[in-house]
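Worksheet: the structure to be examined is printed underneath.
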Protein chains: 2
Amino acid sequence: MKLKKKDRQEQLTQMIEETPFITDEELANKFGVSIQTIRLDRLELSIPELRERIKNVANKNWNETVRALPIDEVIGEVVNLELDNLAISILDIHEEHVFSRNQIARGHHLFAQANSLAVAVINDELALTANAEISFTRPVKLGERVVAKASVVGNDQKRTIIEVKSFVNNEIVFEGKFYMYRNTDK
Amino acid sequence: MKLKKKDRQEQLTQMIEETPFITDEELANKFGVSIQTIRLDRLELSIPELRERIKNVANKNWNETVRALPIDEVIGEVVNLELDNLAISILDIHEEHVFSRNQIARGHHLFAQANSLAVAVINDELALTANAEISFTRPVKLGERVVAKASVVGNDQKRTIIEVKSFVNNEIVFEGKFYMYRNTDK
DNA sequence: TCCACTATTAAGACTAGGTCCTAATAGTAA
DNA sequence: TTACTATTAGGACCTAGTCTTAATAGTGGA
């Protein structure tokens, strides 16, 4: 038996979410209904047309661009980014980040958040960490939210110096100074 | 005076690279030529139409988004361990460790290998990284095998100092000095 | 069984942002 | 002037839609 309208619309929503590059025609075939039905469904569900969906996916990243690092490769969620100036990301500490023994976040996760933010803030095709001085000023526990703030503090020909400070509730938990290689001269 | 064809085409290429979401019509206005001229230019330069360009950007993002990269619990494979003395682990650099753009291993993976080795070598219930000075001496590429060697170089009441050196084919790629907190006094 | 109602399908006009093709015109160098 | 490149114009066609109107199918209730 054919799906009821409601079920079809639920599956449709999910399918488009999973594979947004699907046309109405393909959807119509999958569900064994006409294109018009699919269009009515999209209308009711406020799902934009294919070309708009593609644009949204494209825009998501292009939106004032992370050049050295695609934004989804940053550890943590970037909430603010001004290239060559500053960047902020948040990372919620979950089970997979902590030592099972004591529920304390493993250092490399904090480092990864800070380091990838340092890479992201650099407005260049290539950015690699050369050196870093870091300190973990207090342990971070399961469930805490770490806010990392990266700011560019210096530039010479081939290097950029970035300071990252990470906080939990305004309390500093990590501090790092990253000396980064860039691809191009300033 | 109007731009020569060659100059226009150069600028066109650059402009589309910078802002790929631009239509032929907008380009035609910017250069003060007809739409047809822009289309001939794109044809000669093998630049795809707007909708294709958007698709490319979207696709790229989609591919990179889908491939989430959480850091594995296992950071390298420990091949030798003498508590309170030295430890060795190996880490093979795969797709998930590198920047998609240039196939160079992301710093935090090398850090994670070294840091987790530093934690492992300490013969104590609790070991946390307090500070670290690290340097990445040469980029590590996809497919390379990183061998990290950690050795305890000092102890005071509450701290242990550990040096980690990571190699690819006997060539040093990473160096770090980790100042670790222990739970118990020595 | 008929009525009301929802769900579905169909058809037509129009859109953006193109492709592909042919043809006319402008500008320039030999 | 001739030959050539560069530019512009126009039309047919394309995809993946939009928006509108209208017809039909299917189902539940009195």
Side-chain angles (χ1 to χ4, degrees), chain A residues 1-67 70-72 125, chain B residues 1-67 100-101:
Chain A
M1 179 198 149
K2 257 194 188 173
L3 287 162
K4 285 253 158 22
K5 184 183 179 181
K6 213 179 148 187
D7 296 331
R8 188 190 56 233
Q9 291 194 342
E10 265 173 39
Q11 290 194 26
L12 187 91
T13 309
Q14 204 195 325
M15 193 171 286
I16 290 178
E17 204 150 308
E18 277 167 20
T19 57
F21 296 34
I22 195 169
T23 62
D24 287 357
E25 198 177 359
E26 289 170 319
L27 287 164
N29 289 336
K30 293 223 175 193
F31 288 107
V33 295
S34 69
I35 291 187
Q36 284 79 353
T37 301
I38 297 296
R39 290 186 177 159
L40 280 174
D41 285 345
R42 277 200 300 99
L43 198 71
E44 285 179 29
L45 300 165
S46 309
I47 297 172
E49 61 164 293
L50 169 64
R51 285 170 299 215
E52 286 306 313
R53 295 196 302 267
I54 294 179
K55 240 186 254 177
N56 291 342
V57 175
N59 236 314
K60 201 171 146 195
N61 202 330
W62 198 258
N63 241 349
E64 281 345 298
T65 53
V66 187
R67 288 184 59 202
I71 205 152
D72 293 308
E125 289 288 319
Chain B
M1 177 199 150
K2 257 194 189 175
L3 287 162
K4 284 258 164 8
K5 185 183 179 182
K6 213 180 147 186
D7 297 331
R8 188 189 58 233
Q9 292 194 342
E10 265 172 38
Q11 291 194 26
L12 187 90
T13 310
Q14 204 195 325
M15 193 171 286
I16 290 179
E17 204 152 309
E18 278 166 19
T19 57
F21 295 37
I22 194 168
T23 61
D24 287 355
E25 197 176 2
E26 289 170 320
L27 287 164
N29 289 336
K30 293 223 172 191
F31 288 106
V33 295
S34 69
I35 291 188
Q36 285 79 353
T37 301
I38 297 295
R39 291 187 175 157
L40 280 174
D41 285 346
R42 278 200 298 101
L43 199 70
E44 285 179 29
L45 299 165
S46 309
I47 297 172
E49 61 163 294
L50 168 65
R51 286 171 299 214
E52 287 305 314
R53 295 196 300 267
I54 293 178
K55 241 186 253 176
N56 292 342
V57 174
N59 235 311
K60 207 173 147 193
N61 291 355
W62 192 252
N63 290 341
E64 280 172 0
T65 309
V66 170
R67 184 160 33 83
S100 54
R101 204 184 290 267

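Model, not experiment: these values are computed from the prediction. Values below: every heavy atom of this structure, side chains too, minus hydrogens, waters and symmetry copies. A, B, ... follow the sequence lines: proteins, then strands. Residue 1 opens every chain.
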Shortest non-hydrogen separation from B:Ala28 to B:Ile35 and the atoms involved: CB-N, 3.8 Å
statement: Correct closest heavy-atom pair for A:Glu26 and A:Ile22 would be OE1-CG1, 3.4 Å
Distance in angstrom units between [X] [atom1] and [N] [atom2], rounded:
{"X": "A:Glu52", "N": "C:dA16", "atom1": "CD", "atom2": "C1'", "value": "11 Å"}
{"X": "A:Phe31", "N": "C:dT9", "atom1": "CZ", "atom2": "C1'", "value": "17 Å"}
{"X": "A:Leu43", "N": "C:dT9", "atom1": "CG", "atom2": "P", "value": "16 Å"}
{"X": "A:Ile35", "N": "D:dT18", "atom1": "CD1", "atom2": "P", "value": "11 Å"}

statement: Expected string for nucleotides 10-17 of chain D under the B/S/- scheme (protein heavy atoms, under 4.0 Å, primed atoms plus P, OP1, OP2 as sugar-phosphate) is B----BBB
task: Would you mind building the protein contact string for nucleotides 23-30 of chain C? One character per nucleotide, 5' to 3', B for base within reach (heavy atoms under 4.0 Å), S for sugar-phosphate only, - for untouched.
output: --------
- request: Check the surroundings of atom CD in B:Glu25: do more than 12 heavy atoms from other residues, nucleotides or ligands lie under 6.0 Å from it?
  value: no
- prompt: With sequence neighbours left out, what residues match B:Gln36 under side chain to side chain donor-acceptor pair (under 3.5 Å)?
  reply: none
Please list each protein N or O that sits under 3.5 Å from an N or O in nucleotides 4-7 of chain C, with the distance.
residue, atom, partner, partner atom, Å
C:dA7, OP2, A:Lys5, NZ, 3.1

task: Please examine the side chains of A:Arg53 and A:Leu50, heavy atoms only from C-beta on, and report whether any two atoms are closer than 4.5 Å.
output: yes
Which value, rounded to the nearest 0.5 Å, describes the distance between [X] atom [atom1] and [Y] atom [atom2]?
{"X": "A:Met15", "Y": "A:Ile47", "atom1": "CE", "atom2": "CD1", "result": "11.5 Å"}
{"X": "A:Gln14", "Y": "A:Leu12", "atom1": "CD", "atom2": "CG", "result": "10.5 Å"}
{"X": "B:Thr13", "Y": "B:Leu45", "atom1": "OG1", "atom2": "CG", "result": "4.5 Å"}

task: With side-chain contact (heavy atoms from CB on, under 4.5 Å) as the test, would you mind laying out the steps for A:Gln9 and A:Lys6 before giving the verdict?
output: CA-CA 5 Å; A:Gln9 291 194 342; A:Lys6 213 179 148 187; 5.9 Å; no
query: Under 4.0 Å: is that the gap between some side-chain N or O of B:Ser34 and OP1 or OP2 of D:dT8?
result: yes
message: I'd like to check the salt bridge (Lys or Arg N to Asp or Glu O under 4.0 Å) partners of B:Glu49; sequence neighbours left out, ordered by chain and number.
response: B:Arg51
- prompt: Which part of the nucleic acid, if any, lies within contact of A:Leu40, taking any heavy atom under 4.0 Å across all strands shown: a base, the sugar-phosphate backbone alone, or nothing?
  reply: base
- request: Return each pair, listed once, that meets salt bridge (Lys or Arg N to Asp or Glu O under 4.0 Å) where at least one residue sits in residues 34-46 of chain A; pairs must be two or more places apart or across chains.
  value: A:Lys5-A:Glu44, A:Arg8-A:Asp41, A:Asp24-A:Arg39, A:Asp24-A:Arg42
